[in-house]
Amino acid sequence: MSFHLGTTIVLTLFVSFFALLLGLFINYQFNKIVVYEDFYLPHQSPIYNLSISTHLVCNSSSSHSSSNRTMEELNDVWHSMNDEELMWRASVVPQIKKYPFNRIPRVAFLFLTRGGLPLAPLWEMFFKGHKGLFSIYIHTSPDFNYEPPPSSVFYKRRIPSQAVQWGRSTMIDAERRLLANALLDITNERFILLSESCIPLFNFTTIYTYLTNSDQSFLGSFDDPRKIGRGRYNKRMYPNITLFDWRKGSQWFEIHRELAVKIVSDVLYYPVFKNYCVPPCYMDEHYLPTLVNKVCPGLTSNRSVTWVDWSAGGSHPMTFLKKDVTEEFLRSVGSELNCSYNGKMSSICFLFGRKFHPSTLQPLLRIAPKLLGFG
């Protein structure tokens, strides 16, 4: 009797132990599946809704690995980020310096315009044959909706834009927006701000080589003791910005990636300018020159590569019309021989020129192939 009772107890304990092990095994497999799916399929939020995430999800069943995708597939100017999210995303810097792909540095051409690009055919001629060495970003008035044909280099290159007023903080917002969008493409190394009235003064190869081989950025930053310089300083900017820090320079800059990141990630000085630099103080003339002087004065050569003619006086440079554009005139544009490039004197100081009226397109198309060496 005692033998049967003992056997029953042992058998009961064995079955209970087996049932416990089976339950633990089932629970482990269930948790493994749930955790796996939750990790790889996170809930969507605005910060995840980037083009790079979309491509990774959409192409997950593709036979191509991520390292074989083109940078065009991984970087798209269309996104749903607001400015705060965009600046945060653009300020992220890889900590591993070695790229996991063959990175060919690009020059990002940032067009700040009110509408279309009347000189687009000249730029099309300039860019032809150099795919993979440049990127284009266009900030227009938000109500401008013209789209060039798919064959154009400007096709679908407009970024999400907002209204801009000359001399106001919205002008700097647009510039930072252009920089931030361009920074999303890790291959962009140099960034040049242009307007719809700008033209190239050399062929693409000359300009690309000049910029990518430069040790510094090209952004003017100088102390102007006049009323239109120091006279625009607002004492309420103190202590973040002092009169000693205050600088002036051209709006039309060319900068490298390191400086671009510093500009879009600035949350200390930008609010001060936005609050206290209002007309007759103009942010586009003072914000970047002062910021560079504050955070990284050694990163710029303290000059612009965009030529303008201020000889007529006034608040705006001279605008050139169709009658002005001759071969002799274009040869004289930007003819300056006393600038420094990588610590040495250079015969090339300006790479772009402005302000060219839309009526100058035809003479430019006629002269450019011979004089500028492209097309």
We want to know whether [X] and [Y] form a side-chain donor-acceptor pair, criterion being a heavy-atom distance below 3.5 angstrom.
X: Asp173; Y: Thr170; answer: no
X: Asn203; Y: Thr206; answer: yes
X: Thr300; Y: Asn302; answer: no
X: Glu254; Y: Ser217; answer: no
X: Asn213; Y: Tyr208; answer: no
X: Thr290; Y: Asp245; answer: no

What distance separates [X] [atom1] from [Y] [atom2], expressed to the nearest 0.5 Å?
X: Ile172; Y: Glu285; atom1: CD1; atom2: CD; result: 10.0 Å
X: Trp88; Y: Asn82; atom1: CH2; atom2: CG; result: 12.5 Å
X: Leu330; Y: Leu201; atom1: CG; atom2: CG; result: 8.0 Å
X: Leu133; Y: Thr212; atom1: CG; atom2: OG1; result: 9.0 Å
X: Ile138; Y: Ser161; atom1: CD1; atom2: OG; result: 9.5 Å
X: Lys227; Y: Arg232; atom1: NZ; atom2: CZ; result: 10.5 Å

request  = Run the salt-bridge test on Lys128 and Glu124 with the 4.0 Å N-O cut-off and return the result as yes or no.
outcome  = no
Indicate if [X] and [Y] have the same hydrophobic cluster label, given that clusters are the connected sets of ILVMFWY residues with side-chain heavy-atom separations under 4.5 angstrom.
X: Leu110; Y: Trp166; value: yes
X: Val333; Y: Val308; value: no
X: Met81; Y: Val267; value: no
X: Leu268; Y: Met87; value: yes
X: Val278; Y: Leu243; value: no

State whether the side chain of [X] and the backbone N or O of [Y] hold a donor-acceptor pair below 3.5 Å, judged by distance alone.
X: Lys156; Y: Pro148; result: no
X: Asp324; Y: Leu321; result: yes
X: Ser195; Y: Thr113; result: no
X: Arg247; Y: Phe244; result: yes
X: Glu196; Y: Gly115; result: no
X: Asn234; Y: Met237; result: no
X: Tyr210; Y: Ile348; result: yes
X: Thr360; Y: His357; result: yes
X: Asn188; Y: Ala182; result: yes
X: Arg303; Y: Ser340; result: yes

ask   = Between Phe356, Phe320, Phe352, which is the residue that forms a ring-ring contact (aromatic ring centres under 6.0 Å, His included) with Trp307?
value = Phe320
To check you understand the geometry: which heavy-atom pair defines the closest contact between [X] and [Y], and what is its length?
X: Leu119; Y: Cys198; result: CD1-O, 3.9 Å
X: Pro200; Y: Leu122; result: CD-CD2, 4.1 Å
X: Tyr341; Y: Ser346; result: CB-CB, 3.7 Å
X: Cys296; Y: Leu259; result: SG-CD1, 3.3 Å
X: Leu364; Y: Pro369; result: O-CD, 4.3 Å

ask   = Does the ring of Tyr137 carry Arg177 above it, NZ/CZ under 6.0 angstrom from centre and within 45° of its axis?
value = no
Greater than 12 external heavy atoms within 6.0 Å of [X]'s [atom1]:
X: Lys274; atom1: NZ; answer: no
X: Tyr238; atom1: OH; answer: no
X: Arg103; atom1: CZ; answer: yes

task = Any chance you could lay out the side chain to side chain contact (heavy atoms under 4.5 Å, CB included) test for Leu194 and Leu112, step after step, and finish with the verdict?
result = CA-CA 6 Å; Leu194 302 162; Leu112 179 58; over 6 Å; no
task = Go through the steps for Glu189 and Arg106 under the test salt bridge (Lys or Arg N to Asp or Glu O under 4.0 Å), then give the verdict.
result = CA-CA 6 Å; Glu189 185 65 24; Arg106 298 188 187 189; over 6 Å; no
Is the shortest heavy-atom distance from the side chain of [X] to the side chain of [Y] under 4.5 Å?
X: Gln216; Y: Asn342; value: no
X: Val92; Y: Val261; value: no
X: Pro289; Y: Phe222; value: no
X: Asp266; Y: Tyr287; value: yes
X: Gln362; Y: Val325; value: no

key: ring-ring contact (aromatic ring centres under 6.0 Å, His included) between Tyr276 and Trp246, worked out   = CA-CA 13 Å; Tyr276 301 120; Trp246 191 251; over 10 Å; no
request  = Hey, can you tell me if Phe111 and Trp123 have their rings parallel, tilted or perpendicular (30° and 60° cut-offs)?
outcome  = perpendicular
Pairwise salt bridge (Lys or Arg N to Asp or Glu O under 4.0 Å) hits with a residue in residues 212-224, at least two apart = Asp223-Arg230, Asp224-Arg226, Asp224-Lys248
query = Between Phe109 and Phe191, is the gap from one ring center to the other below 6.0 Å?
reply = no
message = Before you tell me yes or no, could you show the steps for Phe218 and Phe253 under ring-ring contact (aromatic ring centres under 6.0 Å, His included), namely the whole-Å CA-CA distance, both residues' side-chain angles and the distance that decides it to 0.1 Å?
response = CA-CA 6 Å; Phe218 299 97; Phe253 60 77; over 10 Å; no
